[in-house]
Amino acid sequence: MKIDNLLEPRIYGLLLDWSLKYYDRARELESRGKYRQDVLNNRLNTQRDDIDLLKQQISNISAHIPEIKSLLLFQQIKIDRDIDIPITSVNSTEIKDPSIIDKRDLESPSNLDPLADSDDPILPKPEELNSEITPLSSAHQEIISEYYHNISQFAAKYHPKTASLNKDSINSNRGNEDKTAVLEETNRGNYWVFNFNDTTYLVPVGGKYINQHSYTTTTSIFESHNYTPDYQNIQLVKPAIVSIDPNTNPQTWRLQERGELKFL
């Protein structure tokens with residue numbers, strides 16, 4: 001009994017020491033696991049932040065694409081309108097200075113009439129000039145300028161409503177019936193309708209692609225040139241003019257004057 005009494009404290013001490021060591025070891029492992037978990041969480045959070053930042057950058061770039069596209073189109077319009085078509089002699093490929101008059105030009109009857117010895121006119125045909133010779137009102141010029149300069153600012157300034165042809169107008173267009181186009185307000189239309197200087201105008205929704213199906217209805221609203229399914233850009237030559245139909249739900253408009261588009 002005395003030996004047992006002497007061994008019991010020693011055994012208890014060994015058990016206690018063993019328990020403390022394993023407890024410390026367990027705490028150490030727990031601490032390491034928590035540290036690793038924190039590291040992983042930090043990495044995940046960093047990756048999420050990087051992904052969110054990348055998404056924001058992509059969104060910002062995407063938002064400016066229509067503006068860049070519109071600005072390029074606007075510059076193209078300015079270039080087209082600033083081009084002067086030189087009138088030259090049929091027998092010469094050089095562009096002469098109009099201030100310099102060659103005596104031989106005055107003496108030669110054929111040079112008095114550039115078309116006298118040729119079946120082909122030098123000046124381009126009116127249909128080839130399209131918008132270059134089409135006089136535009138100041139209101140039309142302002143609308144086109146703002147439309148191409150910045151689509152977002154255009155929408156913010158005019159607060160356009162989105163519209164599309166109603167079913168009757170679509171059916172009439174398919175049946176080649178000569179009826180006035182009627183548009184109605186919708187959330188997913190191809191056209192913007194807005195007021196400016198006491199006139200209601202209609203233009204294509206900025207940056208929206210016009211496929212072959214929608215092109216057939218577009219021709220009832222806009223005189224269109226050079227359309228192909230793989231066109232790159234749309235040049236708004238002249239906005240269309242519509243009149244509002246009162247007391248209609250959804251809101252409807254009737255076409256008063258066709259606009260003009262050029263596909264590039």
Side-chain angles (χ1 to χ4, degrees), residues 55 58-78 80 130-131 136 139-174 180-196 199-244 250-264:
K55 288 181 178 179
I58 293 174
S59 177
N60 292 338
I61 294 173
S62 300
H64 286 82
I65 287 177
E67 299 175 12
I68 297 172
K69 180 179 176 181
S70 299
L71 183 59
L72 291 175
L73 286 174
F74 175 64
Q75 293 298 327
Q76 181 62 49
I77 290 177
K78 289 178 63 179
D80 290 343
N130 293 331
S131 62
L136 294 178
H140 289 178
Q141 291 176 348
E142 183 174 347
I143 290 171
I144 292 172
S145 174
E146 293 177 338
Y147 182 80
Y148 284 117
H149 181 65
N150 190 310
I151 284 293
S152 299
Q153 291 182 7
F154 180 90
K157 176 178 179 178
Y158 293 106
H159 304 289
K161 296 181 178 180
T162 309
S164 63
L165 284 173
N166 65 10
K167 292 182 179 179
D168 290 340
S169 293
I170 293 175
N171 293 332
S172 298
N173 180 263
R174 290 174 179 172
T180 302
V182 177
L183 300 100
E184 62 182 14
E185 186 175 3
T186 178
N187 292 328
R188 300 183 62 183
N190 292 324
Y191 310 102
W192 276 341
V193 180
F194 59 95
N195 294 321
F196 180 62
T199 302
T200 305
Y201 292 97
L202 182 143
V203 298
V205 171
K208 191 161 188 177
Y209 175 75
I210 297 178
N211 57 31
Q212 287 180 290
H213 174 71
S214 57
Y215 173 72
T216 58
T217 58
T218 300
T219 55
S220 65
I221 305 173
F222 292 93
E223 181 181 350
S224 303
H225 307 281
N226 307 329
Y227 176 81
T228 58
D230 57 347
Y231 77 89
Q232 298 297 315
N233 295 307
I234 298 178
Q235 175 182 328
L236 175 63
V237 180
K238 185 177 70 173
I241 297 177
V242 297
S243 62
I244 190 170
Q251 181 66 66
T252 60
W253 300 268
R254 290 187 178 274
L255 182 67
Q256 297 297 314
E257 183 180 324
R258 291 177 72 197
E260 189 173 352
L261 298 177
K262 185 177 180 181
F263 293 87
L264 308 174

Under the rule for side chain to side chain donor-acceptor pair (under 3.5 Å), what residues qualify as partners of [X], not counting sequence neighbours?
X    : result
E223 : none
T186 : none
N211 : S214
T228 : D230

For [X], what residues pass the side-chain contact (heavy atoms from CB on, under 4.5 Å) criterion, not counting sequence neighbours?
X    : result
H159 : none
E257 : K238, I241
S243 : R254, Q256
A155 : P160, W192

Practice task
Heavy atoms only: give me the nearest P204-Y191 pair and the separation to one decimal.
Solution key: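 Shortest heavy-atom separation between P204 and Y191 comes out as CA-CD2, 4.2 Å.
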Handout entry: Over all atoms of both residues, closest heavy-atom pair of L165 and A181
Key = CD2-CB, 3.7 Å
Measuring only between side-chain heavy atoms, which start at C-beta, is [X] closer than 4.5 Å to [Y]?
X    : Y    : answer
F194 : V203 : yes
I221 : L202 : yes
T252 : E184 : yes
V193 : V242 : yes

Exercise for the section: Hey, could you give me each pair passing salt bridge (charged side-chain N to carboxylate O under 4.0 Å, His left out) that has a residue in residues 187-196? Not counting sequence neighbours. Expected result: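 Salt bridge (charged side-chain N to carboxylate O under 4.0 Å, His left out) check on residues 187-196 returns no pairs.
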Problem - Contact list for residues 148-159, test salt bridge (charged side-chain N to carboxylate O under 4.0 Å, His left out), sequence neighbours left out - result: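 As it turns out, the salt bridge (charged side-chain N to carboxylate O under 4.0 Å, His left out) pairs with a partner in residues 148-159, which skip direct neighbours, are E142-K157, E146-K157.
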To the nearest 0.5 angstrom, please state how far the [atom1] atom of [X] sits from the [atom2] atom of [Y].
X    : Y    : atom1 : atom2 : value
N226 : I234 : CG    : CD1   : 12.5 Å
S224 : E260 : OG    : CD    : 8.5 Å
T218 : L261 : OG1   : CG    : 7.5 Å
N195 : I244 : CG    : CD1   : 7.5 Å
S145 : L236 : OG    : CG    : 11.5 Å
H140 : Y147 : NE2   : OH    : 14.5 Å

Practice task
Step by step, work out the ring-ring contact (aromatic ring centres under 6.0 Å, His included) result for F154 and H149.
Solution key: CA-CA 8 Å; F154 180 90; H149 181 65; over 10 Å; no
Practice task
List in chain and number order the residues that pass ring-ring contact (aromatic ring centres under 6.0 Å, His included) with Y227, two or more places apart in sequence or in another chain; answer none if no residue qualifies.
Solution key: Y215, Y231, F263
Problem - Donor-acceptor contact present, side-chain S169 to main-chain V182, <3.5 Å - result: yes
Problem - K208 side chain to G189 backbone, donor-acceptor under 3.5 Å - result: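 Side chain of K208 to backbone of G189, a donor-acceptor pair under 3.5 Å: yes, one is there.
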